[in-house]
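Read through the structure below, which is laid out as structure tokens, and then see the notes.
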Number of protein chains: 2
Amino acid sequence: MPEPQPQSWRSACPVNIALEILGDRWTLLILRDVLLFQRSTFKDFQESPEKIASNILADRLKKLQQHGILESHRSESDARVIAYRPTTKGLDLLPVLIELILWTDRYEETGAPRRSIARLRRAPHEVIAEIKAAFADPTKVAKRSGK
Amino acid sequence: MPEPQPQSWRSACPVNIALEILGDRWTLLILRDVLLFQRSTFKDFQESPEKIASNILADRLKKLQQHGILESHRSESDARVIAYRPTTKGLDLLPVLIELILWTDRYEETGAPRRSIARLRRAPHEVIAEIKAAFADPTKVAKRSGK
DNA sequence: GAATTCAATTGCATTTTGCAAGTGATACCG
DNA sequence: CGGTATCACTTGCAAAATGCAATTGAATTC
């Protein structure tokens, strides 16, 4: 059989479910900051060049936690600060983010440095492994609370 | 040097540019229908289970063409029908779509058949190659106009 | 040539977004 | 200590995007 009839599963389609969670202007941008740029606090996200509004940011952070993509804890060094970290589910969005970056780099004018993109293109799994390792190692990310 | 400082390129970030184009509830759903389910007409898209409104659909189809992701031509067999096809740029979104599907399948309840997902996970490039080949071969897709 | 199909468009109500200005809790500084 | 600054939000309101139903005009079928 050369082709299965690709028809049936449009209804409960993974793409649809994914877009209910990620399909908006800001959610993946927050995840980019968390996963690729080591940002972790509300302030960090607000300072990103895209200037997300604080009410939207608060809403998206809440939803990302409800979906189990991010988790948060109060900083032990400064009790005002809440640090957000990706869960495993969040880390597993790295391939999506990377493919999105590679596509954009191929077809649009971006300010991404050649070096970083070339590496992402050549060895995406290496980059993913490094990032996952960094998040697994508590010394490499913002100090965790007592929890 | 173990790590480059991953900081600089947040401003003109590929993720941001990608989300300006794709970052909404409907755009990737249309592309799913085009790329994965052989849909090509306005009516096809309207009949998708997510029930996109016709004004939104018209708007997104226009934008996808402006971004060079889809192209359209009038059917030669029925001049009312306008068929939409992906450009190369559009086809190159397949990896993004596939990673999105694999992530969703891993973490959410979907109605996607095991077989299709397993194949996407095992040999994504094979699937991509097949789909690209199908679009390259005019007999395999909706008849093209004289253009 | 009347009814139907297709790809939209229009008008309007509802929802979501963006912006500016707070708020309360904690931290820092003299 | 007391005052100011910082942090993570929240609130109120205007503007924009979305969803819905009805309509349009061209092309096709009956």
Checking the side chain of Ser72(A) only, and the main-chain atoms of Ala83(A) only, is there a donor and an acceptor separated by less than 3.5 Å? no
According to a strict under-4.0 Å criterion, is Tyr84(A) in side-chain N/O contact with OP1 or OP2 of dC7(D)? no
Between C1' of dC9(D) and CZ of Phe42(A), the distance in whole Å: 5 Å
Between Glu47(B) (CD) and dC6(C) (C1'), how many Å, whole number? 11 Å
Minimal non-hydrogen separation, Ser54(A) against Phe42(A), with atom names: O-CZ, 3.6 Å
Name every residue in residues 56-72 of chain A that has at least one heavy atom under 4.0 Å from any atom of DNA chain C, in order of residue number, or write none if there are no such residues. Ile56(A), Arg60(A)
Report yes or no: does Arg39(B) contribute a side-chain atom to a donor-acceptor pair with the main-chain N or O of Phe37(B) at less than 3.5 Å? yes
Ignoring hydrogens and angles, tell me if any N or O in the side chain of Trp103(A) forms a donor-acceptor pair with the backbone of Lys89(B) under 3.5 Å. yes
Spacing between Arg25(A) atom CZ and dA15(D) atom C1', to the nearest angstrom: 17 Å
Quick one, give me the B/S/- string for nucleotides 19-26 of chain C, reading 5' to 3', where B means a protein heavy atom under 4.0 Å from the base and S means that only happens at the primed atoms, P, OP1 or OP2. B-B----B
Please give, in whole Å, the distance from dG19(D) P to Gln46(B) CD? 13 Å
Taking Lys43(B) for the side chain and Val81(B) for the main chain, is one N or O donor matched with an acceptor at less than 3.5 Å? no
Verify the contact: side-chain N or O of Trp26(B) to OP1 or OP2 of dT18(D), cut-off strictly under 4.0 Å; return yes or no. no
Looking only at heavy atoms, which two atoms of Ile131(B) and Leu35(B) are closest? And how far apart? CG2-O, 3.6 Å
Tell me the salt bridge (Lys or Arg N to Asp or Glu O under 4.0 Å) pairs involving residues 62-73 of chain B, sequence neighbours left out? Asp59(B)-Lys63(B)
Whole angstrom is fine here: how far is it from NZ in Lys43(A) over to P in dA27(C)? 16 Å
Between C1' on dT17(C) and CD on Glu50(A), what's the gap in Å once rounded to a whole number? 16 Å
Walk me through whether Glu126(A) and Arg119(A) qualify under salt bridge (charged side-chain N to carboxylate O under 4.0 Å, His left out). CA-CA 9 Å; Glu126(A) 206 178 288; Arg119(A) 179 144 189 263; 2.9 Å; yes
Could you check whether any side-chain heavy atom of Leu102(B) comes within less than 4.5 Å of a side-chain heavy atom of Asp92(A), counting everything from C-beta outward? no
Want to settle it: does Ile52(B) or Ile82(A) sit nearer the 5' end of DNA chain D, counting the closest nucleotide to each? Ile82(A)
